[in-house]
Amino acid sequence: MDNNFTIYNSLSRKKELFKPLHAPFVGMYVCGPTVYSHPHLGHARPAVIFDMLFRYLTYLEYKVRYVRNITDVGHLENDADEGEDKIEKKARLEHLEPMEVVQKYLNSFLKNMQDLNTLHPSIEPRASGHIIEQIELIKEILEKGYAYEINGSVYFDVLKYSKKYNYGKLSGRVLEDLQANTRTLDGQDEKKNPFDFALWKKATPEHLMRWPSPWSVGFPGWHLECSAMSTKYLGDVFDIHGGGMDLQFPHHECEIAQSTAAKGNEPVKYWMHNNMITIDGQKMARSLGNFITLDQIFTGDHPLLLQAYTPMTIRFFLLQAHYRSTVDFSNEALQAAEKGLQKLLKAIETLKKLKPSLTSTVDVPALWKKCHEAMDDDLNSPILLSHLFEGVKYINSANDGTEKLTAADIELLKKLFNIFVFDILGLKVENDNSYDDEFINSVIDASVKIRTIIKNNKDWSTSDLIRQELNKIGIKIKDKKEGGEWELE
RNA sequence: GGUCGGUUUACCGAGUGGCUAGGUAGCGGUCUGCAAAACCGUUUACGGCGGUUCGAAUCCGCCACCGACCUCCA
C-alpha cells in the first residue's frame with residue numbers, strides 16, 4: 001500500500017511519511033469527551049478533524065479501526081469540592097444518578113456528532129465499562145515497580161520511571177522544571193513527588209462512583225482509561241493517537257509513561273494534536289465558561305451569535321483552517337464560511353447539468369492531483385478547499401460558456417467533488433426542501449412560466465411583483481436567456 | 001516564572017527563499033429591462049529592528065505583543 005501521506009508527529013515535531021505498523025490495517029485512538037455537560041464548539045474540532053482523517057485513511061484503502069473513548073468516570077477537581085468526581089458533583093446538583101447524567105450528555109454528544117456528519121468510530125468504549133482492564137494495568141505497572149501504594153491509593157512513580165525512560169518527551173517537559181513548578185494540590189502529601197500521578201484513588205465517603213479493587217474501594221486515575229482501552233482494542237503498539245493540544249501534557253505524557261512502564265515499549269507511532277478554538281483570542285473551554293454549545297450554534301440561541309449556523313457551516317468553518325492552527329470564532333468568519341459553502345455546493349449542482357464540449361480548456365486531471373497532494377500534506381484541508389474552489393470556477397465558467405469541458409472531464413469533476421467534498425471532507429447538502437414535491441414544483445413552474453410571458457410583454461412592474469411575492473416565500477427567480485429558473489433559498 | 005507556539009492584505013485563513021493560495025466583504029466592469037447568479041479586474045499583506053543572501057513575509061539574532069501548557073480541559 002504505497003502512499004505519500006505525511007502526518008505531523010507531535011513526538012518528533014516534524015512531518016513523517018505515514019507507514020502503518022501492519023498495513024493494510026490502521027489503529028487509531030482519539031481522546032473523546034468527558035460527558036458532564038453539552039458539547040461545545042471546541043468538541044467539534046477533534047471530532048471533525050479526526051473524522052476527516054478516518055475518512056481519508058479509508059479512501060486510501062486502509063482498514064481502519066477507529067476507537068474514541070467516552071469518559072464517564074470523571075476527573076478530580078481542585079476547587080472547593082476537593083477530590084470530588086465531576087460527574088458526581090453535577091449529579092447532586094441535578095438530583096440525578098451519575099449514570100443518568102452520563103447518559104444525558106452522551107446522547108447529546110452523539111446527536112451533535114451526527115449533526116456534524118461524522119462517521120461513527122469503530123468502537124466507542126466507556127471508561128466505566130473497563131474498570132477491570134484498568135485494575136489489571138495498574139497491577140502490571142506495580143509489578144514492574146513503577147508505582148507504589150499508599151493508603152489505598154496507587155501512584156505512578158515518575159522519578160523512577162524517568163531513570164530508565166524519558167518522561168516529558170512528548171510535551172518537551174524537563175523533570176527538574178516540573179519539580180519546581182508543580183502546584184500544591186489535594187492529596188499531594190501522599191505522593192513521593194508532586195509530579196507523580198494517581199493510577200487508583202481511594203474513594204472518600206461522599207464519592208458515589210466507586211469500584212472495588214485490590215487496594216481500596218475507589219476509582220481509576222485520570223489518565224489510565226486511555227492506556228487500558230487503547231491497549232485492549234488496538235494492541236500494545238498502534239499507529240495513531242489523536243486529541244486536543246491541551247491534552248498533550250499531562251494526559252498523553254502520562255499515557256506514554258503508563259504503557260511504557262507496563263509493556264516496556266512506546267505505545268504510539270504517530271501522535272496528532274489539533275489546536276484550540278479561540279474566542280476573543282482565548283481558548284474556548286468549559287472550565288473557562290466562555291464556550292458556546294453546538295446546540296446553541298445550531299439554533300442561534302446565544303448572546304454572541306448574530307444568527308444560527310448549520311452543522312455543515314460549522315464543519316466547513318473548521319475545515320477552512322488547518323488543524324494545527326488555532327481558529328478564532330466570530331460571526332463574520334462563520335458568515336463567510338456559510339457563503340463559501342453555499343457557493344461550493346451550488347457549483348456541484350451546476351456540474352450536474354453542464355453541457356459537454358469536444359475539448360477542454362482547463363486541466364482537470366492536474367486539479368485532481370493537487371487535491372490529493374493537499375490531503376497528503378498533513379491533511380491540509382484549507383489548501384484542498386482552495387483547489388476545490390478552482391474547480392468551482394471551472395464549473396461556473398463552463399456554465400457561462402467562457403471555458404470548455406469534455407464529457408470525460410465533466411465526469412472526472414463529478415468524481416472529484418464527490419470524493420473530496422462528500423467522502424473525505426464529509427460535507428453534505430443540508431437543505432432538503434420540498435424539491436421533490438412534484439405538485440409544488442409544477443405550481444412554481446407554472447408561476448414562473450406566466451411571469452416569463454408577462455416579462456416578454458415588457459410588463460416590468462407585474463413581473464417584478466411576481467418575483468417579489470415568490471421571493472417572500474423563499475423562492476428565488478433567476479432570469480436566463482432561455483427563460484426563468486428558480487430555486488429555494 | 002519555566003516550556004512551546006503565534007503575529008499575514010477590510011475580515012477569516014493558507015503558504016513559502018524568487019512564481020496570483022482560497023473564502024467573505026467592498027469597489028469597478030461584463031451580462032441584464034431591472035434584479036439575482038456567474039465571470040473578469042481591483043484594494044499600502046506579511047509585528048518592529050538588525051543580519052545572512054543576487055533575492056526574505058519565508059532562514060538567523062534581538063525586541064514587542066498575543067496565546068497554549070505547567071491544574072480538569074477537545
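Heavy-atom basis, side chains included; hydrogens, waters and symmetry copies ignored. As the structure is a computational prediction, the values presented were derived from the model and not from experiment. First the proteins, then the strands, lettered A, B, ... as listed; each starts at 1.
The listed nucleotides are B:A21, B:A14, B:A38; the one nearest the side chain of A:N396 is B:A38. Checked against B:C39, B:C72, B:G13, the side chain of A:A321 finds its nearest nucleotide in B:G13. Of the listed nucleotides (B:A74, B:G13, B:A21), B:A21 has the atom at the smallest distance from the side chain of A:S386. Side chain of A:H43, nearest nucleotide from B:A14, B:A74, B:C69: B:A74. With B:G22, B:A74, B:A21 as the choices, the nucleotide that has an atom nearest any side-chain atom of A:P382 turns out to be B:A21. Side-chain atoms of A:W222 lie closest to B:C72 of the nucleotides B:C72, B:A14, B:A74.
Ion pairing between a basic and an acidic side chain is recognised when a charged N comes within 4.0 Å of a carboxylate O; A:D479 and A:R467 show such pairing.
Nucleotides B:G28 and B:G67 place their P atoms 39 Å apart, quoted to the nearest Å. Comparing the P positions of B:G6 and B:U58 gives an interatomic distance of 13 Å, to the nearest angstrom. Taking atom C1' in both B:C31 and B:C12, one finds a spacing of 30 Å when rounded to whole Å. With both ends at atom P, the span from B:G41 to B:C11 equals 23 Å, rounded to whole Å. On the C1' atoms, B:G23 is 11 Å away from B:A14, given to the nearest whole Å. Across B:A64 and B:U24, the matching P atoms stand 40 Å from one another, rounded to whole Å. Across the P atoms, B:C62 and B:A38 are found 49 Å apart, a figure rounded to whole Å. Taking the P atom of each, B:C54 and B:A21 are spaced 26 Å apart, rounded to whole Å.
Stem analysis of RNA chain B (at least three stacked-register Watson-Crick or G-U pairs, each with both distances under 3.5 Å) gives B:1-7 with B:64-70, B:10-12 with B:22-24, B:26-30 with B:38-42, B:47-51 with B:59-63.
The backbone N or O of A:L17 sits nowhere less than 3.5 Å from a side-chain atom of A:T6 that would complete a donor-acceptor pair. Of the possible polar contacts, none joining the A:D459 side chain to the A:I454 backbone as a donor-acceptor pair under 3.5 Å is found. The backbone N or O of A:L304 lies less than 3.5 Å from a partner atom in the side chain of A:N331, making a donor-acceptor pair. Panel note: side chain A:E253, backbone A:G168; a donor-acceptor pair is recorded below 3.5 Å. Between the side chain of A:D239 and the backbone N or O of A:G27 there is at least one donor-acceptor pair closer than 3.5 Å. Using a distance-only test at 3.5 Å, with no hydrogens or angles considered, a donor-acceptor pair links the side chain of A:H322 to the main chain of A:D378. With A:Q134 contributing its side chain and A:H130 its backbone, the two residues share a donor-acceptor pair below 3.5 Å.
Within a heavy-atom distance below 4.0 Å of RNA chain B, the residues of residues 332-343 of chain A found are A:E332, A:A333, A:A336, A:K339, A:G340, A:K343.
For an aromatic pair to be called close, the ring centres must be under 6.0 Å apart, and A:Y270 with A:H241 fails this.
Protein atom CZ of A:F317 is 16 Å distant from nucleotide atom P of B:C11, rounded to whole Å. As a whole-Å value, the separation of A:F329 CZ from B:G13 C1' is 16 Å. The distance between atom CG of A:D246 and atom P of B:A74, rounded to the nearest whole Å, is 7 Å. In this structure, A:I279 atom CD1 and B:A74 atom C1' are separated by 15 Å, rounded to whole Å. Distance, A:L288 CG to B:C73 C1': 9 Å, rounded to whole Å. Atom NE2 of A:H273 and atom P of B:G6 are 17 Å apart (whole Å). B:C4 atom P lies 14 Å from atom CD of A:E253, rounded to whole Å. Straight-line distance from the CD atom of A:Q320 to the C1' atom of B:A21: 12 Å, rounded to whole Å.
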With 3.5 Å as the limit, what N/O pairs link the protein to nucleotides 45-48 of chain B?
none

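Residues forming a ring pair (Phe, Tyr, Trp, His ring centres under 6.0 Å) with A:H43 (at least two apart in sequence, or on another chain): A:H40. In this structure, the ring pair (Phe, Tyr, Trp, His ring centres under 6.0 Å) partners of A:Y56, at least two apart in sequence or on a different chain, are A:F5, A:Y59.
There is no side-chain donor-acceptor pair under 3.5 Å between A:H223 and A:H252. For A:Q248 and A:S171, the side-chain atoms include no donor-acceptor pair closer than 3.5 Å.
Within the structure, every side-chain polar atom (N or O) of A:T402 is placed at least 4.0 Å from both OP1 and OP2 of B:A38. Put simply, A:S325 has a side-chain N or O that comes within less than 4.0 Å of OP1 or OP2 on B:A14.
Contact annotation for A:S397: backbone-only contact, meaning every heavy-atom pair under 4.0 Å involves sugar-phosphate atoms and none involves a base. Among the atoms of the strands shown, base atoms are found under 4.0 Å from some heavy atom of A:R173. Base engagement by A:M276 is indicated by at least one non-hydrogen atom pair under 4.0 Å involving a base atom. As judged by a 4.0 angstrom heavy-atom cut-off over every strand, A:V30 is placed among residues making no nucleic acid contact. Among the protein residues, A:G281 comes within range of the sugar-phosphate backbone only, with heavy atoms under 4.0 Å from sugar or phosphate atoms but none that close to a base.
For the pair A:R286 and A:Y36, the distance from NZ or CZ to the six-membered ring centre is under 6.0 Å and the angle to the ring normal is within 45 degrees. Annotation: cation-pi pair A:R45/A:Y323 absent, no NZ/CZ under 6.0 Å from the ring centroid and within 45° of its normal.
Of the candidates A:K352, A:K353, A:K346, A:K352 is the only one forming a salt bridge (charged side-chain N to carboxylate O under 4.0 Å, His left out) with A:E349.
In this model, no side-chain donor or acceptor of A:K393 finds a partner on the base of B:C39 within 3.5 Å.
For the pair A:S171 and A:A285, nearest-nucleotide mapping onto RNA chain B gives the more 5' position to A:S171. The residue among A:D280 and A:P33 whose nearest nucleotide of RNA chain B lies closer to the 5′ end is A:D280.
For the atom pair CD1 of A:I49 and CE of A:M272, the computed distance is 8.5 Å after rounding to the nearest 0.5 Å.
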5' to 3', nucleotides 30-37 of chain B under a 4.0 Å protein heavy-atom cut-off (B base, S sugar-phosphate only, - none) gives ---BBBBS
